[in-house]
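Have a look at the structure that comes next, please.
FYI, side chains are in, hydrogens and waters are out, and symmetry mates aren't considered; it's all heavy atoms of this structure. It should be emphasised that the depicted structure is a prediction, and the values quoted were computed from it without experimental measurement.
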Amino acid sequence: MSIIQFHSKWLRLACAALLAVCILGAASAKAACPDVAADAWYAAAVEEATSLGVMQPDANGLFRPDEPATRAELVDALWRSGSMEMVDYPADFVDLDHSVSHPAVDWAAAYGVVTGDDQHRFRGGDNVSRQEFAAMVWRFCGFSAPRRDVNYADTDSISEYAACAVAWCRENGLLNGVGENRFDPNGLVTRAQTAAVITRLMRPGDYELPPLTGCVICVDPGHCVTPLAGKGYRDPVSPLSNETKATYTTGTEGKNLTEEKLNLIVGLKLRDRLRELGATVFMTREVSNITINGVERCELPNRLRVDVAVRIHADGNDDRSVHGVCVMTPTGDLLGTPSIKDESVRLGQLMVDAVAAKTGAKNRGIMPRYDLTGFNFSEVPTVLIEMGFMTNAAEDALLETDEYQNKIVDGMIESLMQWYGLE
């Protein structure tokens, strides 16, 4: 998938314009703006945007990267990055000076890139919010439907008119969050951010986006090492029940590894692979020595509104001949959010099949569970993989190895790709 799938008209316009702008830029490239540090994250984008004439420094040669961009500046940059088309229908915004021409505004109004406010004003000097910019970029690129719903922690703060635009911009690598999986829809767009987005728009086929771009996943390696273990602490089983269960259990263990350690090793490997594939990944823990209970393991993905939470465990049994992989899925009347069940089961089946196929382990199928805190308190789809039995000597020996762990991760990745509809 390329960085952006242009509407065919915009692709033709952008390609034709880019050739002309590059020719112009090659002849008129300017020295770097003195207020743009060479090692700034936006330095290359600013240099490209100014050398191609898509954005302009001020009269003193300064780019002012941290200043908010205005509506007029953004419209002009989009117009220059595209066809610089002259339209026959002047924009009739009431606050424009109609004694002079406004080709960029005329074009933006004609193609619906911008619309006036409720008083039909353009408001060219106003700053632009992140959601307004996302809407402008989305319209510029042809109003394409996003593959998934918007998935930010502050989704409820995103205006309805911008929801599709924000989702589409994220999955096409154009506008991302600001930390803690927030979009900050009312934050102002800076000139540096504008340059970064505009230069990406001008090079739609230059590089391939990682397949999981825009996907948000929580990885929860089970158990932890805490001084509270064995002290009688208990978790509620469900927000709908008074039943409780032991909080800080130690899990099983093999010859050389505890379950806690194995879970963490595989969890970190899964994190790294998912990030390489473009996903935004949050971990409930990244170290062994941490105190985190079952409800807290749900609060993080719930608060961040991740797409899915993957919980990683290994199994044990008094019968040391028992072996194989299974995936537990939520079910029952104790689910605080019953709507997570179907998508959790779908991922669970995909995951157990993929991991079993990759590793050659016995496929023990999916196992519905009604009594797990991590399921009943979850507000997002979730699964719990039991990677194998550490009490089975042969399987434990495999679980210790990088090669086998990597096969487990390969299976989990494959199932997530399938769940997202990317394979």
Side-chain angles (χ1 to χ4, degrees), residues 149-158 177-184 215-229 231-251 259-260 263-264 266-268 270-271 274-275 279-313 327-344 347-348 369-385 412 416 419:
D149 292 337
V150 62
N151 56 352
Y152 284 105
D154 54 355
T155 289
D156 291 345
S157 299
I158 298 171
V178 296
E180 289 293 289
N181 199 37
R182 293 185 308 110
F183 181 69
D184 188 21
C215 300
V216 188
I217 299 167
C218 178
V219 176
D220 176 29
H223 303 291
C224 61
V225 176
T226 171
L228 299 186
K231 298 292 181 65
Y233 289 90
R234 301 187 68 79
D235 272 337
V237 169
S238 163
L240 307 178
S241 168
N242 292 324
E243 183 182 355
T244 62
K245 62 188 301 184
T247 299
Y248 305 110
T249 56
T250 58
E259 182 194 350
E260 174 275 321
N263 297 341
L264 183 58
V266 175
L268 293 173
L270 179 61
R271 176 201 65 185
L274 287 170
R275 287 178 177 170
T280 299
V281 183
F282 297 95
M283 301 285 292
T284 58
R285 69 181 183 99
E286 294 181 303
V287 296
S288 291
N289 293 281
I290 186 174
T291 298
I292 180 170
N293 64 39
V295 175
E296 290 169 338
R297 291 176 186 270
C298 291
E299 288 176 343
L300 176 73
N302 290 349
R303 174 172 55 82
L304 298 177
R305 290 195 181 185
V306 303
D307 301 327
V308 64
V310 178
R311 308 186 189 282
I312 300 175
H313 284 256
V327 174
M328 297 179 182
T329 59
T331 192
D333 296 333
L334 296 181
L335 281 175
T337 308
S339 60
I340 71 171
K341 177 183 174 181
D342 289 347
E343 282 301 300
S344 300
L347 176 58
R369 291 287 295 266
Y370 68 90
D371 59 338
L372 298 184
T373 300
F375 286 171
N376 293 327
F377 278 86
S378 183
E379 297 171 5
V380 300
T382 183
V383 296
L384 187 155
I385 182 171
M412 289 193 282
L416 285 163
W419 185 74

Could you check if a side-chain atom of I312 sits within less than 4.5 angstrom of a side-chain atom of V219, using non-hydrogen atoms only? yes
Is the number of heavy atoms from other residues, nucleotides or ligands under 6.0 Å of F282 CZ greater than 12? yes
Begin from the C-alpha positions of V306 and V216 and carry the test side-chain contact (heavy atoms from CB on, under 4.5 Å) through to its verdict. CA-CA 5 Å; V306 303; V216 188; 3.8 Å; yes
Please name the residue in the list E379, E296, E180 that meets the salt bridge (charged side-chain N to carboxylate O under 4.0 Å, His left out) test with R303. E180
State whether the side chain of N302 and the backbone N or O of F377 hold a donor-acceptor pair below 3.5 Å, judged by distance alone. yes
Can a donor-acceptor pair be found, under 3.5 Å and without considering hydrogens, that links the side chain of D235 to the backbone of L372? no
Using atom types as modelled and distance alone, determine if a side-chain donor or acceptor of N181 lies under 3.5 Å from a backbone N or O of L304. yes
Is the backbone N or O of A309 less than 3.5 Å from a side-chain atom of T382, with the two atoms forming a donor-acceptor pair by type? yes
Using the side chain to side chain donor-acceptor pair (under 3.5 Å) rule, take S238 and N376 through it: C-alpha gap first, then chi angles, then the decisive distance, then the call. CA-CA 5 Å; S238 163; N376 293 327; 4.6 Å; no
Please report the closest heavy-atom contact between E243 and S241, naming both atoms and the distance.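 Looking at all heavy atoms of both residues, the shortest contact is N-OG, 3.0 Å.
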Should the ring pair Y233 and Y248 be called parallel, tilted or perpendicular, given that the plane angle runs from 0 to 90° and is split at 30 and 60?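 Because their plane-to-plane angle is over 60°, the rings of Y233 and Y248 count as perpendicular.
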Chi angles and distances behind the side-chain contact (heavy atoms from CB on, under 4.5 Å) call for M412, V266: CA-CA 11 Å; M412 289 193 282; V266 175; 3.8 Å; yes
Between R369 (side chain) and M328 (backbone), is there a donor-acceptor pair under 3.5 Å? no
For D184 and D154, the nearest pair of non-hydrogen atoms, with its separation, is N-OD2, 2.8 Å
Is a side-chain N or O of R297 found less than 3.5 angstrom from the main chain of T284, in a donor-acceptor match? no
Return yes if some donor-acceptor pair links the side-chain N/O of R285 with the main-chain N/O of G222 below 3.5 Å, else return no.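 Side chain of R285 to backbone of G222, a donor-acceptor pair under 3.5 Å: yes, one is there.
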Does T331 reach the side chain of K341, with side-chain heavy atoms less than 4.5 Å apart?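 T331 reaches K341 side chain to side chain.
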Could you please spell out the steps behind the side-chain contact (heavy atoms from CB on, under 4.5 Å) verdict for T226 and E260? CA-CA 11 Å; T226 171; E260 174 275 321; over 6 Å; no
Measure the shortest side-chain to side-chain distance between D220 and C298 over non-hydrogen atoms and say whether it is less than 4.5 angstrom.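 Contact flag for D220/C298 side chains = no.
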side-chain contact (heavy atoms from CB on, under 4.5 Å) evaluation trace for F375 with L334: CA-CA 9 Å; F375 286 171; L334 296 181; over 6 Å; no
Would you call D149 and R305 a salt bridge, using N to O less than 4.0 angstrom?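 So D149 does not pair with R305 through a salt bridge.
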Side-chain (H313) to main-chain (N263) donor-acceptor, under 3.5 angstrom: no
I want to check something: taking the side chain as every heavy atom from C-beta on, are P330 and I340 in contact at a cut-off of under 4.5 Å? yes
Residue pair D307 / V380: nearest heavy atoms and the distance that separates them: O-CB, 4.4 Å
R311 side-chain N/O to G374 backbone N/O, donor-acceptor pair under 3.5 Å: yes
